[in-house]
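Have a look at the structure below, then the notes.
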Amino acid sequence: MNRTTLRSGAALTLALAATAATALPAAAHVRVIPEATASGGYAAITFRVPNESDTASTTKLVVTLPQDRPLATVSIRPVPGWTAKVTTAKLPEKVTANDLTLTEAPRAVTWTADSESAGIAPGEYAEFAISAGPLPTPGELVLPAKQTYSDGEVADWSDVVEEDGEEPEHPAPSFEVTAAEEGGHHATTEDDLSEDEGSQTASADTLARVLGGLALVVALVGAGVAVAGRRRA
């Protein structure tokens, strides 16, 4: 029984180790995380960049934006210690979408570390975000990325998932743009984001005032009880 148990435990440990080893590379890929996905709206799009090198730091990230389904506007969230730049280019052909006709559009976003010490060190990751829109027609939006290390190595995250669904070695960051809601309501716009932030701030302020009032009532009741107890004594 003891030998059988030990063998079973060893087999389970090896299986778990194999599973973990298989899962680790996928977790280390450059990923894109959209705050909203509905066509026609604006969204905060975050790129999560892990450092896969044991000895070098990540010092540069270049994300290529689509030309066949372009994003009309792109703004950047600042990252301390990094310089960011949006490059605009003419489109191969005129594109009409979301009531806009575009002949040029943002083509790439480049983040560069101001120094090697500001880069993403081994064992670390960082996030780089843009606000972009309107999101194009529904379908997969592929955003290839190139990650440059301080030793000159470049990881090219541009492979597209094959038809069989098998993940390539260096998959390009991507997400699915969904259809706009019925009735013409699109995804969150920049104005909506500001209104939501204002509403959240107002709600938080109201909650703080209510909690503060309750705390004051409790304090007054406690003081009254204390005074009454002293008088009885």
Side-chain angles (χ1 to χ4, degrees), residues 11-37 39 43-71 74 76-77 79 81-87 89 91-92 105-113 116-130 132 135-178:
L12 179 60
T13 300
L14 289 174
L16 290 174
T19 302
T22 303
L24 282 176
H29 295 162
V30 174
R31 297 177 52 205
V32 59
I33 307 168
E35 168 267 339
T37 60
S39 174
I45 301 173
T46 302
F47 296 90
R48 181 168 294 169
V49 183
N51 190 354
E52 293 187 309
S53 174
D54 294 329
T55 58
S57 298
T58 295
T59 55
K60 186 177 182 180
L61 177 70
V62 180
V63 174
T64 301
L65 305 175
Q67 291 185 298
D68 57 338
R69 296 156 66 216
L71 299 166
V74 172
I76 306 168
R77 185 177 71 189
V79 178
W82 291 70
T83 299
K85 178 182 179 181
V86 178
T87 303
L91 299 173
R107 179 57 177 154
V109 184
T110 302
W111 288 270
T112 305
E116 185 174 340
S117 61
I120 309 170
E124 297 180 349
Y125 78 93
E127 293 184 338
F128 304 86
I130 61 175
L135 294 182
T137 54
E140 185 179 27
L141 190 66
V142 181
L143 303 165
K146 287 187 177 181
Q147 178 182 10
T148 302
Y149 290 90
S150 56
D151 60 2
E153 181 183 353
V154 178
D156 188 359
W157 304 99
S158 60
D159 295 340
V160 179
V161 178
E162 301 294 337
E163 293 182 359
D164 58 9
E166 184 176 352
E167 186 176 69
E169 184 178 358
H170 294 90
S174 65
F175 68 93
E176 195 74 17
V177 177
T178 57

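Predicted model only: the values in this text are computed from it and were never measured.
Distance check: Lys60 NZ to Thr110 OG1 gives 6.0 Å after rounding to the nearest 0.5 Å. A distance of 6.5 Å separates CD of Glu153 from OG of Ser53, quoted to the nearest 0.5 Å.
Contact annotation: the side chain of His170 never approaches that of Ser158 to less than 4.5 Å [non-hydrogen atoms, C-beta and beyond]. Val109 places none of its side-chain heavy atoms less than 4.5 Å from the side chain of Lys85. Between Ile76 and Val86, some side-chain heavy-atom pair lies under the 4.5 Å cut-off. When side chains are defined from C-beta on, Leu91 counts as touching Pro70, because their heavy atoms get closer than 4.5 Å. The side-chain heavy atoms of Val177 and Ser39, taken from C-beta on, include a pair separated by under 4.5 Å. Between Ile45 and Ile33, the closest side-chain pair of non-hydrogen atoms is not below 4.5 Å.
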Show me the donor-acceptor pairs, under 3.5 Å and distance only, between side chains in residues 137-148 and residues at least two apart or in other chains.
| unit_1 | atom_1 | unit_2 | atom_2 | d |
| --- | --- | --- | --- | --- |
| Thr137 | OG1 | Arg69 | NE | 3.4 |
| Glu140 | OE2 | Ser174 | OG | 2.9 |
| Gln147 | OE1 | Trp157 | NE1 | 3.1 |
| Gln147 | NE2 | Pro50 | O | 2.9 |
| Gln147 | NE2 | Thr58 | OG1 | 2.9 |
| Gln147 | NE2 | Tyr149 | OH | 3.3 |

Practice prompt. Evaluate the criterion side-chain contact (heavy atoms from CB on, under 4.5 Å) for residue pair Val32 and Thr46; output intermediate values, then yes/no.
Written response: CA-CA 6 Å; Val32 59; Thr46 302; over 6 Å; no
Item to complete: Report the C-alpha separation of Val49 and Glu127 in whole Å, then their side-chain angles, then the decisive distance to 0.1 Å, and conclude whether the side-chain contact (heavy atoms from CB on, under 4.5 Å) test is met.
Response: CA-CA 6 Å; Val49 183; Glu127 293 184 338; over 6 Å; no
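Closest approach of His29 and Glu169 over heavy atoms only: NE2-O, 3.6 Å. Between Arg31 and Pro173, the shortest heavy-atom distance links the atoms C-CB, 4.3 Å. The heavy-atom pair separating Pro122 from Ser57 by the smallest distance is CD-OG, 4.1 Å. Across Thr59 and Glu116, no two heavy atoms sit closer than the pair CG2-CA, 4.4 Å. The minimum heavy-atom distance between Pro171 and Pro168, with the atom names listed, is CD-O, 3.4 Å. Here the shortest heavy-atom pairing between Asn51 and Ile120 reads ND2-O, 2.5 Å.
A 6.0 Å sphere centred on CD of Glu176 holds more than 12 heavy atoms belonging to other residues, nucleotides or ligands.
Between Phe128 and Trp82, the ring-plane angle classifies as perpendicular under the 30° and 60° cut-offs.
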